[in-house]
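Read through the structure below, which is laid out as structure tokens, and then see the notes.
Reckoned from all heavy atoms, side chains included, excluding hydrogens, waters and symmetry mates.
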Amino acid sequence: MTWPPPPLATERLVLRESEARDRPAYVELFASPEVGTYIGGSRPRAEVESTVPEVPGRRFGSFVVDLDGTMIGMVTLDSGADGETELGYLFLPSAWGHGYAAEACAAALAWFASARPGEPVALRTQTANVASMRLAAKLGFTEVMRYHDYGAEQWLGRWSPDR
């Protein structure tokens, strides 16, 4: 599978490789208390500023979600603990509630399905993250199990391009 792919265009968004101009949005994502609510908390802004590289997120499976030339979030397809590919996403609070996550994740899943036909994708989230649970259902993930980790109930779902 060639990385990065050409930018993926949706109706409103572009999924692309990160660039230096995305650094402030990366810092904001990882320093935001709202974004950190269900992922173990935010990090102090000074710490994030000192650790985020000049061109952040340049790695296999990491897409910047771009709206009108500005990064509003990121979608990742990473190898999980059990070797299965896992979908992840983070969006700036200003982008919440507009359907951008569903649009971007659907595009990333479609790309993955064409790049690795037949391979399933996992998604993990806290059951308390109601928006993420709704998104998982909308994208077609089905529950595999619930478990307790990081002091909260977690949900594991699986998506298959063959469904």
Side-chain angles (χ1 to χ4, degrees), residues 1-32 34-43 45 47-96 98-126 129 131-132 135-136 138-141 150 154-161:
M1 179 178 345
T2 303
W3 187 264
L8 309 175
T10 70
E11 185 178 324
R12 303 177 292 171
L13 307 169
V14 174
L15 278 69
R16 60 172 173 77
E17 187 175 38
S18 69
E19 300 171 359
R21 66 186 168 114
D22 302 318
R23 190 176 187 283
Y26 269 88
V27 170
E28 184 59 34
L29 274 174
F30 292 103
S32 167
E34 294 87 1
V35 173
T37 300
Y38 299 108
I39 61 168
S42 60
R43 293 173 32 210
R45 183 171 298 279
E47 176 187 317
V48 177
E49 285 278 359
S50 70
T51 59
V52 171
E54 185 178 328
V55 181
R58 273 261 168 115
R59 61 182 174 75
F60 183 87
S62 182
F63 292 98
V64 162
V65 180
D66 182 307
L67 174 67
D68 299 327
T70 302
M71 179 182 170
I72 61 166
M74 61 187 281
V75 173
T76 59
L77 289 158
D78 288 321
S79 183
D82 59 2
E84 188 172 46
T85 299
E86 288 192 20
L87 175 70
Y89 45 87
L90 294 175
F91 284 80
L92 294 168
S94 60
W96 295 357
H98 301 283
Y100 298 137
E103 190 173 328
C105 289
L109 288 168
W111 170 80
F112 184 82
S114 68
R116 292 200 174 156
E119 285 193 35
V121 176
L123 185 149
R124 296 174 193 272
T125 189
Q126 285 187 19
N129 188 343
S132 189
L135 177 58
K138 185 174 189 172
L139 291 170
F141 282 84
Y150 304 107
Q154 307 291 324
W155 183 88
L156 170 64
R158 187 166 288 120
W159 174 90
S160 175

Original post:
Which residue pairs pass the side chain to side chain donor-acceptor pair (under 3.5 Å) test with at least one member in residues 62-76, sequence neighbours excluded?
Top reply: R16-D66
**OP:** Identify the heavy atoms of A108 and V75 that sit nearest to each other, and give their distance.
**Re:** CB-CG1, 3.7 Å
Original post:
Quick one: do E17 and R58 make a salt bridge, cutoff under 4.0 Å?
Top reply: yes
Original post:
Taking only residues two or more places apart in sequence or in another chain, which ones pass side-chain contact (heavy atoms from CB on, under 4.5 Å) with A106?
Top reply: L139
Subject >> Close side-chain approach of E84 to E119, heavy-atom, < 4.5 Å >> reply: no
**OP:** Please name the residue in the list L109, L156, T125 that meets the side chain to side chain contact (heavy atoms under 4.5 Å, CB included) test with F141.
**Re:** L109
Subject >> Sidechain-backbone polar pair: T37 side chain, E34 backbone, donor-acceptor under 3.5 Å >> reply: yes
Subject >> Trace of the side-chain contact (heavy atoms from CB on, under 4.5 Å) decision for Y26 with M71 >> reply: CA-CA 9 Å; Y26 269 88; M71 179 182 170; 3.4 Å; yes
Show the atom names and distances, to 0.1 Å, of all donor-acceptor pairs under 3.5 Å that link a side chain in residues 85-95 to residues at least two apart or in another chain.
from	atom 1	to	atom 2	distance (Å)
E86	OE2	R124	NE	2.8
Y89	OH	S132	OG	2.5

Original post:
Residues in side-chain contact (heavy atoms from CB on, under 4.5 Å) with A102, at least two apart?
Top reply: L135, K138
Subject >> Verdict with reasoning, W155 to L123, per side-chain contact (heavy atoms from CB on, under 4.5 Å) >> reply: CA-CA 8 Å; W155 183 88; L123 185 149; 3.9 Å; yes
Original post:
Which residues satisfy the ring pair (Phe, Tyr, Trp, His ring centres under 6.0 Å) test with Y100, sequence neighbours excluded?
Top reply: H98
Original post:
Going through the checks in order, is the side-chain contact (heavy atoms from CB on, under 4.5 Å) test met by S18 and V55?
Top reply: CA-CA 7 Å; S18 69; V55 181; 3.9 Å; yes
Subject >> R43 bridged to E49 by N-O distance under 4.0 Å >> reply: no
Original post:
What pairs with P5 under side-chain contact (heavy atoms from CB on, under 4.5 Å), at least two apart in sequence or on another chain?
Top reply: W3, F63, W111
Subject >> From CA spacing to verdict: side-chain contact (heavy atoms from CB on, under 4.5 Å), R59, D78 >> reply: CA-CA 10 Å; R59 61 182 174 75; D78 288 321; 2.5 Å; yes
Original post:
Taking all non-hydrogen atoms of both residues, which atom of E103 and which atom of L13 are closest, and how far apart?
Top reply: OE2-N, 3.6 Å
Original post:
For L8 and A107, which heavy atoms make the closest approach, and how far apart are they?
Top reply: CD1-O, 4.0 Å
**OP:** Compare every heavy atom of S42 with every heavy atom of A31, then report the nearest pair and how far apart it is.
**Re:** O-CB, 3.5 Å
